[in-house]
Amino acid sequence: MKKTMKAFRFIYFFVCFFILLGNTSFAYIDPSAVTYVIQAVAGAAIAVGAACTVYRHKIMKFFRTWKKKRARKKHQSAEQE
């Protein structure tokens, strides 16, 4: 019974939402506007990819230096024995 009421409220909300706030618009999307959107999405994707690459290199450098420091400490402790 509770699930049915939840489903009914959900459907009622969206029906009212679309009836009250929906409006008809007659619009023309210019092909050049779509090109701008595609360029913006491509630019954002390239920027995210470049940022990921930069941070990946920084993380790899951190682990390489950490590994070298760890190897040095191990080598120094072996020499002291």
Side-chain angles (χ1 to χ4, degrees):
M1 185 71 176
K2 286 186 179 183
K3 288 184 180 181
T4 306
M5 288 302 292
K6 278 187 176 182
F8 178 73
R9 277 190 258 151
F10 183 76
I11 292 169
Y12 179 75
F13 170 74
F14 278 104
V15 167
C16 290
F17 179 79
F18 284 117
I19 289 173
L20 294 174
L21 300 176
N23 60 352
T24 304
S25 63
F26 300 100
Y28 170 72
I29 298 175
D30 190 41
S32 64
V34 176
T35 304
Y36 290 135
V37 171
I38 292 171
Q39 287 177 355
V41 169
I46 291 169
V48 167
C52 288
T53 302
V54 167
Y55 285 111
R56 182 182 56 137
H57 286 289
K58 287 183 179 186
I59 291 169
M60 295 300 287
K61 184 179 177 182
F62 169 77
F63 281 115
R64 264 188 255 119
T65 56
W66 179 69
K67 189 177 178 181
K68 286 180 184 177
K69 286 180 184 178
R70 191 171 164 201
R72 275 192 217 127
K73 284 183 181 180
K74 196 180 240 187
H75 182 68
Q76 286 173 356
S77 66
E79 285 180 352
Q80 289 176 356
E81 291 178 1

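Below, each value reflects all heavy atoms present in this structure, side chains not excepted, and no hydrogens, waters or symmetry copies.
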- Message: side chain to side chain contact (heavy atoms under 4.5 Å, CB included) for Q39 and Y36? Distances and angles first, verdict last.
- Response: CA-CA 5 Å; Q39 287 177 355; Y36 290 135; 3.9 Å; yes

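Both I19 and I11 belong to a common hydrophobic cluster when Ile, Leu, Val, Met, Phe, Trp and Tyr are linked at side-chain heavy-atom distances under 4.5 angstrom. Hydrophobic clustering (side-chain heavy atoms under 4.5 Å, transitive across Ile, Leu, Val, Met, Phe, Trp, Tyr) keeps I59 apart from V48. Y55 and M60 fall into different hydrophobic clusters, where Ile, Leu, Val, Met, Phe, Trp and Tyr are joined by side-chain heavy atoms under 4.5 Å apart, directly or via other members. In the hydrophobic clustering of this structure, F18 groups with F10; members are Ile, Leu, Val, Met, Phe, Trp, Tyr whose side-chain heavy atoms approach within less than 4.5 Å, directly or through other members.
Residue V54 forms a side-chain contact (heavy atoms from CB on, under 4.5 Å) with just one option from R56, K58, H57, and that option is K58.
In this structure, Y12 and F8 have parallel ring planes: the angle between them is below the 30° cut-off, well short of the 60° mark.
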